[in-house]
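Structure, as C-alpha cells:
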Amino acid sequence: MRTRSGNLYPVEDNNNISGRKRKGRDLTGVGKVNCRKRGKPSSGGVDNFDRLPDELVLSILTFVGSRADCPADFLAVLATCKRFRGLGYDSSVLSKASAETFGVTAKNWSESAHRFLKRCSDAGNVEACYTLGMIRFYCFQNWQNGASLMAKAAMSSHAPALYSLAVIHFNGSGGSKSKKDLGGGVSLCARAAFLGHIDALRELGHCLQDGYGVTQNITEGRRFLVQANARELAVARSTIPSTLIPGDWLKLNPVLIRRGNTLIPGCPLLSDFGCNVIPEYHPANRFLASWFANRVPSPELLICSHAGCGRPETRMQEFRRCAACGVVNYCSRACQAQDWKMRHHKECRQLMRFHNVIAGGGNVNPNRVENNVGQR
C-alpha cells in the first residue's frame, strides 16, 4: 500500500518481532491487539449479564442474604451494580435475610440502619421483627410498638420472641407491678421450650422446681433442666469448631447431693451442673448489651447482670436480685442460672464471707444460693 507521497509503508519481518513489546497496534500494521479491558457494549450489543432473568438474580441474592455473617457482606454485594442494588431490596430477598445481615452494633446504629431493619421487618422477616421489637421496647421505651413487633414474630413460631414475651409477662415490663402475668409467661415459655429454645427450657425447669406461676413439680422441672443442658451441649458441639474448644471445656465439677441426712457425691450435668459450655447469644441481646454499656436509661433503673442478656428495667425494682449477696440483679431465672455458673458463684461466696465477717456470724454454706433468687 502506498502513501499519498507515493512511498510504500515499511514492511516488518515477522521473525524479528517476537521479542518486541506490542502496544495497542499490531506491529505488522494489520490491526490492533485487544489488550484493553472489555468496556460497555456498543449500542447494538447486549451484555450477557443483562440476559440473566430477574428470578435467577433474586435467588442468588436471597442465598447471599441468608448466609451473610455481617451487614458488610450483604451490602458489598448490593454495591456491585445498579441492578443488584435494585433487586437486593426486593421483599423476597429481605424476608429471607439472616439475623447477622442486619445485626448492626450499637456504635454503628443510625437512621439508615433503622430504616433498613424496618424494611426487612415490613417484608415479613421474623428475625427483623424480633430484633427491631427488642430495640424499640428496651432502647427507645416504645413498649407498645416493640411488643407488637415481637408478637408478630411469635405468631410465626419464633422461639426467641416467644421467650422474650414470656420474660415481659413474668416481670410486667412496660407497666406497673400489677401487670405481671405469671400464667401467661409460663404458657409462652412452654411454647418456646417446645420449639427447643434453651433459655425457655431452663426457665420452665426453674419455674416447675420453684412453683413459680405453675404447680410445683420438682421431678419435671429437673427433667427440663437436663433437656436444656443436653440441647446446649449439642448446639455448642455443632456450631463451634473442635480446634477452638479448650481442653477443659467439658470438665466436671463434683457436687454433693443431699439424700435425706446423707450427702452423696453426684455427677453434675453440663452447664447448670458444673460444665463449662461456651455460650452463644442472639444478635438482639448483643445489641442491647453494647447499647447499655455506655447508656443508662435512668440512674434508678438497673441492667440484667447476665452479660449475654442486656435487658434493662422498665420500672424501679422490676428485676430479681440474689437473695444471698443482694448485689446482682436478673430479669429471669434462666439468666440467673447462666450467670451463676459463669461468674457469680465465685463473687457471691466472697461477698457472703465479707458480709459474714462484718456481721460477726459463722460460716455460710455457699450451696444455699446456687439457685436462690429473691424478689425485691
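Here the straight-line distance linking atom OG of S187 with atom CG of D181 works out to 8.0 Å at 0.5 Å rounding. In this structure, L225 CG and E220 CD are separated by 11.0 Å, a value rounded to the nearest 0.5 Å. From I168, atom CD1 reaches atom CD of E318 across 9.0 Å, with rounding to the nearest 0.5 Å. Considering OG of S95 and CG of D90, their distance stands at 8.5 Å, rounded to 0.5 Å. Interatomic distance, CD of Q227 versus CD1 of I198, reported as 10.5 Å (0.5 Å rounding). Once rounded to the nearest 0.5 Å, the distance linking CG of L208 with SG of C189 reads 9.5 Å.
Partners of R295 according to the salt bridge (charged side-chain N to carboxylate O under 4.0 Å, His left out) rule, which considers only residues two or more places apart in sequence or in another chain, do not exist here. For S91, there are no side-chain hydrogen bond (donor to acceptor under 3.5 Å, both in side chains) partners two or more places apart in sequence or in a different chain.
Side chain of N171 to backbone of S173: no donor-acceptor contact under 3.5 angstrom is found. Side chain of S148 to main chain of N145: a donor-acceptor pair is present (N/O by atom type, distance under 3.5 Å, no hydrogens or angles). Side chain of E313 to backbone of L301: no donor-acceptor contact under 3.5 angstrom is found. The closest donor-acceptor contact from the side chain of N125 to the backbone of L94 lies under 3.5 Å. T80 contributes a side-chain N or O that, together with a main-chain N or O of V77, makes up a donor-acceptor pair within less than 3.5 Å. The closest donor-acceptor contact from the side chain of R315 to the backbone of G175 lies under 3.5 Å. Side-chain N or O atoms of Q216 include one that pairs as donor or acceptor with a backbone N or O of Q209 at under 3.5 Å.
In the hydrophobic clustering of ILVMFWY residues, with side-chain heavy atoms under 4.5 Å counting as a link, L61 and F63 come out apart. Taken together through direct or relayed side-chain contacts under 4.5 Å among Ile, Leu, Val, Met, Phe, Trp and Tyr, L195 and M155 form parts of separate hydrophobic clusters. Linking Ile, Leu, Val, Met, Phe, Trp and Tyr residues whenever their side-chain heavy atoms come within less than 4.5 Å places F84 and L52 in a single cluster. Hydrophobic cluster membership differs between L132 and Y163, with clusters built from Ile, Leu, Val, Met, Phe, Trp and Tyr side chains linked at under 4.5 angstrom. In the hydrophobic clustering of this structure, V167 does not group with F194; members are Ile, Leu, Val, Met, Phe, Trp, Tyr whose side-chain heavy atoms approach within less than 4.5 Å, directly or through other members.
Under the 3.5 Å distance criterion, with hydrogens and angles disregarded, no donor-acceptor pair is assigned to the side chains of R321 and S305. Between the side chains of E100 and S98, no donor-acceptor pair is found at a separation under 3.5 Å. For the 3.5 Å distance criterion, the side chains of H114 and R136 qualify, holding a donor opposite an acceptor.
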*side chain to side chain contact (heavy atoms under 4.5 Å, CB included) between N229 and E232, worked out*: CA-CA 5 Å; N229 285 273; E232 186 180 41; 3.8 Å; yes
*Yes or no on side chain to side chain contact (heavy atoms under 4.5 Å, CB included) for S290 and K107, after CA distance, side-chain angles and deciding distance?*
CA-CA 8 Å; S290 59; K107 66 178 181 179; over 6 Å; no
*Could you go through the side-chain hydrogen bond (donor to acceptor under 3.5 Å, both in side chains) check for T105 and R286 one step at a time?*
CA-CA 8 Å; T105 58; R286 295 201 301 264; over 6 Å; no
*Test side chain to side chain contact (heavy atoms under 4.5 Å, CB included) on L117 and I135 and set out the steps.*
CA-CA 11 Å; L117 191 56; I135 292 173; 4.0 Å; yes
*Kindly indicate, with the supporting measurements, whether the criterion side chain to side chain contact (heavy atoms under 4.5 Å, CB included) is fulfilled by Q336 and H344.*
CA-CA 9 Å; Q336 187 271 339; H344 186 57; 5.8 Å; no
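A heavy-atom distance below 4.5 Å is found between the side chains of R333 and D210. Inter-residue side-chain proximity for Q141 and T314 is flagged as unmet; no heavy-atom pair is nearer than 4.5 Å. Side-chain contact between L162 and H197 is absent, with no heavy-atom pair separated by less than 4.5 Å. Contact check for M134 versus L149: no side-chain heavy atoms found under the 4.5 Å cut-off. Residues C309 and C331 have side chains in contact (heavy-atom distance under 4.5 Å, counting atoms from C-beta outward). With contacts defined as side-chain heavy-atom distances shorter than 4.5 Å, the pair L87/V93 does not qualify. Between D73 and C70, the closest side-chain pair of non-hydrogen atoms falls below 4.5 Å. With contacts defined as side-chain heavy-atom distances shorter than 4.5 Å, the pair F116/Y89 qualifies.
Heavy-atom minimum distance, S164 versus M150: CB-SD, 3.9 Å. Counting all heavy atoms, side chain and backbone alike, A154 lies closest to L165 at CB-CD1, 3.8 Å. Closest non-hydrogen pair, H206 versus A337, comes out as NE2-CB, 3.5 Å. In plain terms, the two heavy atoms of G65 and T101 that are nearest each other are O-OG1, 2.7 Å. Of all heavy-atom pairs spanning P160 and Y130, the tightest one is O-CE1, 3.6 Å. Between F74 and G88 the shortest heavy-atom distance is CZ-O, 3.8 Å.
Below 30°, between 30° and 60°, or above 60°: for H282 and H158 the angle between ring planes is above 60°, a perpendicular geometry. Using a 30° and 60° split on the angle between ring planes, Y212 and F170 fall in the tilted class, from 30° to 60°. Ring pair W291/W109 is perpendicular by interplanar angle, where above 60° counts as perpendicular and below 30° as parallel.
A centroid separation of 6.0 Å or more is found between the aromatic rings of W340 and Y330. For an aromatic pair to be called close, the ring centres must be under 6.0 Å apart, and F319 with H306 fails this.
The environment of R67 atom CZ is sparse: at most 12 non-hydrogen atoms of other residues, nucleotides or ligands sit within 6.0 angstrom.
Between R202 and D199, at least one side-chain N (NZ, or NE/NH1/NH2) sits under 4.0 Å from a carboxylate O, which counts as a salt bridge.
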